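This is a predicted model, so every value here is computed, not measured. One-based numbering along the sequence shown.
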Amino acid sequence: DVTKYVTENSILDKEASKRLSSVYMRDKQISMLPPCITFDECSLHAGKDKYTMSVIYKVSKEGKITGYNVCKGLINSKHSLDYETVQTIFDGTTENTELRENLYLLNSAVCKLNINECHLIDNIEGKEAHNIVDYLMILTNKTIAEYLFSKMGHCILRTHQKTDIDKFKVLDGIHED
């Protein structure tokens, strides 16, 4: 939780407020907070414990979400993976059979959920890594918004229209790394 590192009305809070959120693109990210917080303190790293707020879903054999629980958790990742590494596993260019089997199982579950639940993303052929992360991030964000609304009676749920690719191409190359 970044609030541990960002105190209200601090310089960091004011700067982050100007950005409103991090922006994730297929090939880059523009973070709302400095990399030392975003990528170090608040990211999962292999073999390191991280406290989280987690969403645990109950899913039927048919792939229907039948319930969820929002709870505090402790995560210890076995692997630090990026999109490209995961995609090479789906493309069959890795020797790690246990990881490959787990990722195929996860992909199968996500495909079943996506078909049954909400079709929130357009699957990108040959980009299983992106499809898994995109779907689970959107599903979890939607679930958290519903959870907050049920607890507080109000919250902001920002939704986006389908991307107009021609308008989006105008942005290509504007941001310098």
- Not counting sequence neighbours, which residues clear salt bridge (charged side-chain N to carboxylate O under 4.0 Å, His left out) with Glu8? List them please. none
- Message: Please check this pair: side chain of Thr7 against backbone of Ser10, looking for a donor-acceptor N/O pair closer than 3.5 Å.
- Response: no
- Item | Under the side chain to side chain donor-acceptor pair (under 3.5 Å) test, residues paired with Asp82 that sit two or more places apart | Thr85
- Message: Can you confirm whether Val86 sits close enough to Leu99 that some side-chain heavy atom of one is under 4.5 Å from a side-chain heavy atom of the other?
- Response: no
- Thr66 side chain vs Lys58 backbone, donor-acceptor pair below 3.5 Å: yes
- side-chain contact (heavy atoms from CB on, under 4.5 Å) against Leu106, all qualifying residues, sequence neighbours excluded: Val110, Ile132, Leu136
- Query: Partners of Ser60 by side chain to side chain donor-acceptor pair (under 3.5 Å), sequence neighbours excluded?
  - Reply: Glu62
- Query: Who are the salt bridge (charged side-chain N to carboxylate O under 4.0 Å, His left out) partners of Glu15, not counting sequence neighbours?
  - Reply: Lys18, Arg19
- Task: Name all residues meeting the side chain to side chain donor-acceptor pair (under 3.5 Å) criterion together with Thr140; count only those two or more places apart in sequence or in a different chain, and write none if there are none.
- Result: none
- Message: Quick one, Met53 and Val70 - any side-chain contact, counting heavy atoms below 4.5 Å?
- Response: yes
- CG/Asn9 to NZ/Lys14 distance, rounded to the nearest 0.5 angstrom? 5.5 Å
- Message: Ignoring hydrogens, what is the shortest heavy-atom contact between Ile89 and Tyr104? Give both atom names and the distance.
- Response: O-OH, 4.1 Å
- Task: If you link ILVMFWY side chains whenever their heavy atoms are less than 4.5 Å apart, which other residues fall into the same cluster as Leu44? By chain and number, please.
- Result: Ile75
- What residues, two or more places apart in sequence or in another chain, satisfy side-chain contact (heavy atoms from CB on, under 4.5 Å) together with Ile56? Ser54, Cys71
- Should we say atom CD1 of Ile11 is surrounded by more than 12 heavy atoms from elsewhere, each under 6.0 Å from it? no
- Is the closest side-chain heavy-atom distance between Ile37 and Leu12 below 4.5 Å? yes
- Task: Start with the C-alpha distance between Leu33 and Val6, add both sets of side-chain angles, then the distance that settles side-chain contact (heavy atoms from CB on, under 4.5 Å), and finish with yes or no.
- Result: CA-CA 9 Å; Leu33 298 169; Val6 182; 3.9 Å; yes
- Message: Leu105: which residues meet the side-chain contact (heavy atoms from CB on, under 4.5 Å) condition with it, sequence neighbours left out?
- Response: none
- Message: For the NZ atom on Lys48, are there more than 12 heavy atoms of other groups (residues, nucleotides or ligands in this structure) within a distance under 6.0 Å?
- Response: no
- Mind checking what makes side chain to side chain donor-acceptor pair (under 3.5 Å) contact with Asp49, not counting sequence neighbours? Asn76
- Applying salt bridge (charged side-chain N to carboxylate O under 4.0 Å, His left out), name anything that partners Lys78, two or more places apart in sequence or on another chain. Glu98
- Task: Report the residues that fulfil ring-ring contact (aromatic ring centres under 6.0 Å, His included) with Tyr57, sequence neighbours left out, ordered by chain and then residue number.
- Result: none
